[in-house]
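All residue numbers in this chain count up from 1 along the given sequence. Numbering of ligands and ligand atoms starts at 1, following listing order.
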Amino acid sequence: MSKKDVVHTTESEIAVHWQEEELYYPSVDFIAQANLTDTSVHERFKLDNFPECFKEYADLLSWYKYWEKTLDTSDAPCWRWFVGGELNASYNCIDRHLEKNRNKTAIHFVPELLEERTQHVTYQELWVRVNEFAALLQDFAGLKRGDRVTIHMPMCAELPITMLACARLGVIHSVVFAGFSGKACADRIEDSQSRVLISMDAYYRAGKLLDHKVNADLACEFAQGMGQKVDKVLLWERYPGKYSSSAEMIGGRDYSVNTLLKEYYGQRVEPERMKAEEPLFLMYTSGTTGKPKGCQHGTGGYLAYATATSKFIQDIHPEDVYWCAADIGWITGHSYIVYGPLSLGASTVIYEGVPTYPDAGRCWRIAQDLGVNIFHTSPTAIRALRKLGPEEPAKYDFSFKHMTTVGEPIEPAVWKWYQQEVGKGKAVIVDTYWQTETGGFLCTTIPGMNPMKPGSCGPGAPGIHPIIYDDQGEILGAGAGKAGNICIQNPWPGCFQTIWGDRDRFVETYFGRYNKDPESTDWRDWPYLTGDAAFQAEDGYYRVLGRIDDVINVSGHRLGTKEIESASLATAEVAEAAVVPVKDAIKGHVPDLYISLKPGITPSPEIAQKVSDTVCKEIGKIAKPKSVWIVADMPKTRSGKIMRRVLASISNEQDVGDVTTLMNPDIVAEIKEQHLKGSK
Ligand code: WT7
């Protein structure tokens, strides 16, 4: 077997080798109505016009005080955008739309159960509810500008209401994906030093009412153990007035928001005038070390970028019904369910449950019922919908003008099904490549201007100038035929400002590799390292292969292998643990877990189950290992380093390459044998 067939541990190295694909063109009808068709955009946003080009983006917002300086680089690489400006995100997402659109739907909330009707929250109602809740946060919880609050809530209208109430007060929100465990929530409470946790008693998922309050209890308990006391837990009720959890309300700590709100009827709170560079929120994401990174996003730059890309790339017009089926607990939901669409005064759909409940036609019924014409989801969801109901979309009367795919590479065959069956052969598609850190799109086609290429995200978004370096720092240009490390040459307003409480880690992780001079305050010396491998085709389009580090992208979201490994080690019987990505037909990649046991302990399916359960408990079901392989020993180098590369090859049923230099080459054959027999 040739060298290139050997798989390694990183996703980029496991990537499939797709051939070049044919181009698809946006329809005449789409182009005729598109928000961006003016070809001078390339000239306006070229590197020579950086950073002033981003004034166009800032001008989509309403400022209390207009900014003076576009970009301040004096604290490189912590860039400050729109310096001197003052604004409020909640004002931009709500108040400024009232005069003309108070009666318009801001949020369509679709409960998972079919027998529950969709709720339509108008801009006026959103304003009332955000004001009343902001008053509660201020008076009852004592929160003020700069404080951090952890929000562990499912998909519901109350989640953006909570976020916007925080934004109104200048309180920094940190939303944790509801599927994460109480322990994972506690880690984020501790890191952000939140003393208030906002949660919900229960929510529906796959037809079952999940008890979510239990996670709040666990989170408080673990956080306390780490030295961070939560003073107040504010609980929204899934059914207002009816508590739906089995967990006890703890006196003096737990409060029902729905009950408290009665005292805040009619209260209004003036939005805080926030400096453009003051933080709006934290969003935690996995990195190569165990601890998740709190990505700190600023107010002015982030909101300008989310708003502009929603307008020009999502092509949202005021009359559109826009549905992004991501979860608000991830960055996609922050930028493209909440902040971007609401800042534009659009109607945004929030769906509580899973896309395939109760059947594979659910999404298309929602689209038909609400008249959704812009649809946004991940390859994982597309693969699942295609597998379960390839013929379903044709049965419903809906028509998308525009569709998005985000979060992981999409296979051309899956892209084509999406285009043909879901898009009914006429919707334009954008494959948007970006990250939690980047706040908004990095690479994408401009929907009304560029042809689409299945499997490729396209060129840099306006004002984003990617560059691919090899490990030696040489540039790999268009048509180089080789993949390298994709970086962004210039700062952009949506980029996160730092890692909460860890500037050194921020500088080292994202700029350490290709920085030309650590003393420099010239942005040209600070290319941003995405951590992905990509290559650029002759036509300039980028194709992202996956992560170059040991982070696994599961269903479009990053999980740190170290986090999973340390969760496994929490089981008393486990001596060593190694996690590798294995290709999965629906989820892209899933973690495969190898463990070896402490001396004297006999392997058993119970131990494997216990480890799997611990991983789910510590991190959440999203991290559930595909298999737990109990091995006699790990393949190791002579210096004792676990060779994850070898394990990844076995998990992906590929050649392991040369293992003769290992300390214990025999173990490789033994583990392979185990795989063949399926004996875990
Ligand atoms: C990682 C970021 C983007 C918000 C949701 C995930 C991968 C993302 C694409 C795409 C190929 C993609 C990258 C990136 N990724 N979008 N269109 N094509 N790969 O945010 O959890 O921060 O993950 O997802 O590997 O680095 P995230």
Side-chain angles (χ1 to χ4, degrees), residues 10-16 18 175-177 179-180 282-288 292-295 297 305-306 309 313-314 324-337 340 376-382 403-412 414-415 418 429-445 452-461 464 466 483 485-488 494-496 499 509-510 528-535 541-560 563 581 587-589 622-623:
T10 65
E11 298 192 340
S12 60
E13 289 163 323
I14 299 176
V16 281
W18 297 326
V175 179
V176 177
F177 171 53
F180 273 139
L282 306 179
M283 169 59 63
Y284 283 84
T285 190
S286 297
T288 44
K293 303 176 277 196
C295 297
H297 282 282
Y305 200 69
T309 47
I313 306 299
Q314 294 299 293
C324 170
D327 195 289
I328 297 174
W330 307 111
I331 190 73
T332 305
H334 276 49
S335 301
Y336 299 113
I337 299 178
H376 185 152
T377 194
S378 63
T380 294
I382 303 168
M403 305 194 301
T404 301
T405 160
V406 60
E408 48 182 321
I410 184 166
E411 299 79 356
V414 177
W415 191 99
Y418 194 37
I429 297 181
V430 288
D431 179 345
T432 57
Y433 161 65
W434 59 297
Q435 312 177 294
T436 303
E437 293 87 338
T438 70
F441 306 143
L442 289 179
C443 294
T444 169
T445 49
M452 304 155 248
K453 187 157 72 172
S456 285
C457 51
I464 304 283
N485 302 314
I486 182 166
C487 296
I488 311 299
C495 189
F496 72 139
I499 295 173
T509 310
Y510 299 96
Y528 168 87
L529 179 80
T530 61
D532 286 310
F535 68 81
Y541 279 29
Y542 295 94
R543 230 195 65 206
V544 177
L545 301 176
R547 304 291 305 165
I548 53 176
D549 49 27
D550 45 1
V551 165
I552 306 182
N553 187 319
V554 181
S555 302
H557 297 288
R558 284 186 285 167
L559 289 178
E563 286 169 76
K587 295 177 177 169
H589 291 102
I622 189 168

Those atoms of ligand 1 less than 4.0 Å from some heavy atom in [X]:
X: V544; answer: 11 (C), 19 (N)
X: V406; answer: 3 (C)
X: R558; answer: 2 (C), 21 (O), 22 (O), 23 (O), 27 (P)

Judged on heavy-atom distance to [atom], which of [options] sits nearest?
atom: atom 24 (O) of ligand 1; options: V551, T436, N553, V554; answer: N553
atom: atom 13 (C) of ligand 1; options: I410, D532, T432, I331; answer: D532
atom: atom 16 (N) of ligand 1; options: S335, G440, A533, G407; answer: G407

Checklist entry - Does S335 use its side chain to pair, donor to acceptor, with the backbone of G439 at less than 3.5 Å? => result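 At least one qualifying donor-acceptor pair exists.
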Next on the checklist: Looking at I328, is its backbone amide N or carbonyl O close enough to the side chain of H334 to form a donor-acceptor pair, meaning the two atoms are under 3.5 Å apart?
Outcome noted: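 Yes: the side chain of H334 pairs with the backbone of I328.
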Checklist entry - Heavy atom of W434 under 4.0 Å from ligand 1? => result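 It does, in that a heavy atom of W434 comes within the 4.0 Å cut-off of ligand 1.
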Next on the checklist: Does the residue G556 have a heavy-atom contact with ligand 1, meaning some pair of atoms that are separated by less than 4.0 Å?
Outcome noted: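 G556: in contact with ligand 1 (<4.0 Å).
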Next on the checklist: Using a 4.0 Å heavy-atom cut-off, which part of P409 comes near ligand 1: side chain, backbone, both, or neither?
Outcome noted: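 Both the backbone and the side chain of P409 come within reach of ligand 1.
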Next on the checklist: Using the ring centroid of each side chain, check whether F180 and W330 are separated by less than 6.0 Å.
Outcome noted: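 Yes: the rings meet the under 6.0 Å criterion.
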Next on the checklist: To the nearest 0.5 Å, what is the distance between OH on Y418 and CD1 on I429?
Outcome noted: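 Here the rounded value is 6.5 Å.
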Checklist entry - Would you say the side-chain atoms of T380 and E408 include a donor-acceptor pair closer than 3.5 Å? => result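 There is such a pair (donor and acceptor under 3.5 Å, judged by atom type) between the side chains of T380 and E408.
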Item to check | side-chain hydrogen bond (donor to acceptor under 3.5 Å, both in side chains) partner of Q314, chosen from T309, T404, T432 | outcome: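 Looking at T309, T404, T432, the match for Q314 under the side-chain hydrogen bond (donor to acceptor under 3.5 Å, both in side chains) is T404.
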Checklist entry - Hey, does T332 come in under 3.5 Å of ligand 1, counting only N/O atoms on both sides? => result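 No; every N/O pair is 3.5 Å or more apart.
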Checklist entry - Mind checking whether I499 and Y510 have side chains closer than 4.5 Å, heavy atoms only? => result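 Yes, their side chains come closer than 4.5 Å.
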Checklist entry - So which protein heavy atom does atom 9 (C) of ligand 1 come closest to, and at what separation? => result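 Nearest protein contact, heavy atoms only, for atom 9 (C) of ligand 1 is E408 N, 3.5 Å.
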Next on the checklist: One pair to check against ring-ring contact (aromatic ring centres under 6.0 Å, His included): Y336 and W434. What are the steps and the verdict?
Outcome noted: CA-CA 12 Å; Y336 299 113; W434 59 297; 5.3 Å; yes
